[in-house]
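Report on the following structure.
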Amino acid sequence: MSEISEVVEKYKLVLLGDQSVGKTSLISRFMYDTFDADYEATIGINFLSKTIYSADRTIRLQLWDTAGQERFRSLVPAYIRDSHVAVIVYDITSRSSFNDVNKWIEDVKAERGNGAIIMLVGNKTDLNDKRQVTFEEGEQKAKEYDALFLETSAKAGHNVKLLLKKISNELPGLESRKEDPELIDVNINSTAKSETEGSCAC
Ligand code: GTP
């Protein structure tokens with residue numbers, strides 16, 4: 001058996017956005033390649049973990065799926081606080097979810113300043129005939145906040161893998177994270193490479 005010395009970089013990613021915009025659906029598509037048309041509101045916060053392997057690095061992403069409902073709002077800042085990436089989702093068929101993007105981004109800035117990568121996502125592109133927010137408006141908003149931008153459809157699977165790829169490309173790498181050792185795993189003799197690292201509801 002060949003011996004592989006492997007460094008695993010860990011990053012925390014938090015999904016934010018109004019109720020029903022598709023945060024959980026994006027995670028389901030990414031993790032399991034499934035989509036459920038029935039809506040089940042997220043209660044509190046859920047946590048899942050996914051390992052991404054590329055030619056030169058192994059990244060373990062902890063995905064924190066927050067509830068969009070107002071009554072859970074007070075829980076969110078604590079999860080933003082130690083996240084490296086904030087994915088802010090709106091629904092392209094809902095103008096109000098787009099208007100609320102400012103509020104979510106301000107929450108991230110309040111906790112992290114400019115220290116987190118922000119990715120703005122306009123979801124539900126399969127419902128293009130009901131679109132209330134143009135691609136250009138999304139792009140413009142992202143520019144305002146120096147954020148990355150993509151439109152996706154969790155239902156059709158459109159751009160979901162690209163979303164995670166774009167994020168992993170932006171992650172800083174070990175060299176710039178020497179101050180941050182507790183987030184780095186070092187595995188010696190690691191040969192098993194499962195795609196999904198498991199999940200738990202917290
Ligand atoms: P909260 O947990 O309340 O914050 O909602 P959420 O943002 O996690 O939304 P969720 O993923 O539960 O999706 C809400 C509803 O929108 C569900 O009925 C989904 O099936 C539907 N939905 C999510 N993504 C898409 C999409 O890309 N296209 C379409 N047509 N429906 C979607």
Side-chain angles (χ1 to χ4, degrees), residues 12-50 61-81 83 85-108 111 116-139 141-142 145 147-167 196 198-202:
K12 291 188 182 175
L13 177 158
V14 63
L15 277 116
L16 306 167
D18 281 6
Q19 183 173 1
S20 223
V21 293
K23 299 179 293 296
T24 304
S25 302
L26 285 167
I27 289 189
S28 302
R29 174 61 74 192
F30 176 64
M31 295 288 291
Y32 316 114
D33 206 12
T34 58
F35 176 76
D36 185 352
D38 296 329
Y39 172 52
E40 203 180 306
T42 302
I43 306 297
I45 314 269
N46 290 322
F47 158 83
L48 296 102
S49 176
K50 173 92 173 174
L61 267 186
Q62 296 179 348
L63 307 169
W64 295 89
D65 181 15
T66 65
Q69 282 178 39
E70 194 62 41
R71 65 192 171 113
F72 296 114
R73 234 14 242 276
S74 61
L75 294 176
V76 172
Y79 290 90
I80 297 174
R81 204 160 298 147
S83 289
V85 184
V87 177
I88 294 165
V89 186
Y90 65 90
D91 173 351
I92 64 149
T93 73
S94 159
R95 170 63 57 180
S96 70
S97 75
F98 182 68
N99 292 340
D100 284 345
V101 160
N102 295 344
K103 190 178 72 177
W104 292 110
I105 294 185
E106 293 307 334
D107 283 358
V108 175
E111 295 298 329
I117 296 164
I118 299 178
M119 166 67 92
L120 181 62
V121 175
N123 188 41
K124 307 198 185 181
T125 54
D126 57 288
L127 300 176
N128 203 35
D129 52 335
K130 298 196 181 110
R131 184 188 274 276
Q132 292 183 359
V133 184
T134 66
F135 179 89
E136 289 72 22
E137 285 176 297
E139 204 174 38
K141 177 85 72 188
Y145 286 102
L148 303 166
F149 176 65
L150 259 189
E151 283 194 344
T152 59
S153 167
K155 183 174 183 179
H158 174 61
N159 274 352
V160 179
K161 282 193 177 142
L162 181 63
L163 170 65
L164 271 294
K165 191 163 191 280
K166 276 194 166 221
I167 289 169
T196 304
S199 68
C200 72
C202 309

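Ligands are counted one by one from 1 in listed order, and the atoms in each one are counted from 1 as well. Only heavy atoms go into these numbers, but all of them, side chains included; no hydrogens, no water, no symmetry mates.
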Which atoms of ligand 1 are found less than 4.0 Å from any heavy atom of [X]?
X: S25; value: 10 (P), 11 (O), 13 (O), 19 (C), 23 (C), 24 (N)
X: L127; value: 30 (N)
X: D36; value: 19 (C), 20 (O)
X: G68; value: 1 (P), 4 (O)

With distance as the sole test, does [X] use its side chain to make a donor-acceptor pair with the main-chain N or O of [Y] at under 3.5 Å?
X: K50; Y: L63; answer: no
X: S28; Y: F35; answer: no
X: S83; Y: Y79; answer: yes

Going by distance only, is there an N or O of [X] that falls short of 3.5 Å from an N or O of ligand 1?
X: Q69; value: no
X: V21; value: yes
X: F35; value: no
X: T125; value: no

- Task: State if A67 counts as touching ligand 1 under the rule of any non-hydrogen atom under 4.0 Å.
- Result: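 Checking ligand 1 against A67, which is what was asked, there is a heavy-atom contact under 4.0 Å.
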- Stepwise, does the side chain to side chain donor-acceptor pair (under 3.5 Å) test hold for Q132 with Y90? CA-CA 11 Å; Q132 292 183 359; Y90 65 90; over 6 Å; no
Around [atom], find the nearest protein heavy atom and jot down its residue, atom name and distance.
atom: atom 12 (O) of ligand 1; answer: Y39 CD1, 3.3 Å
atom: atom 30 (N) of ligand 1; answer: D126 OD2, 2.8 Å
atom: atom 6 (P) of ligand 1; answer: K23 N, 3.5 Å
atom: atom 21 (C) of ligand 1; answer: K124 NZ, 4.0 Å
atom: atom 9 (O) of ligand 1; answer: G22 N, 3.1 Å
atom: atom 24 (N) of ligand 1; answer: N123 ND2, 3.1 Å

- Item | ligand 1 versus T24: contacting region, heavy-atom distance under 4.0 Å |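 It is both backbone and side chain that touch ligand 1.
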- Query: Should we say atom NZ of K103 is surrounded by more than 12 heavy atoms from elsewhere, each under 6.0 Å from it?
  - Reply: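 Check passes, neighbour count above 12.
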- Message: How about CD on E40, more than 12 heavy atoms from neighbouring residues, nucleotides or ligands closer than 6.0 Å, or not?
- Response: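 For E40, atom CD is not crowded (no more than 12 foreign heavy atoms under 6.0 Å).
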- Message: D107 vs I80, test: side-chain contact (heavy atoms from CB on, under 4.5 Å). Steps then yes/no.
- Response: CA-CA 8 Å; D107 283 358; I80 297 174; 3.9 Å; yes
- Message: I need the minimum non-hydrogen distance between A154 and V160, along with the two atoms involved.
- Response: CA-CG2, 4.3 Å
- Query: Ion pair present between E137 and R131, side-chain N to carboxylate O less than 4.0 angstrom?
  - Reply: no
- Query: So between A154, S20, A37, A41, whose heavy atom ends up nearest atom 27 (O) of ligand 1?
  - Reply: A154
- Task: Using the side chain to side chain donor-acceptor pair (under 3.5 Å) rule, pick out the option among T152, D91, T93, N159 that qualifies with N123.
- Result: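 So the option named by the test is T152.
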- Going from CH2 on W104 to OG1 on T66, what distance comes out if it is rounded to the nearest 0.5 angstrom? 5.5 Å
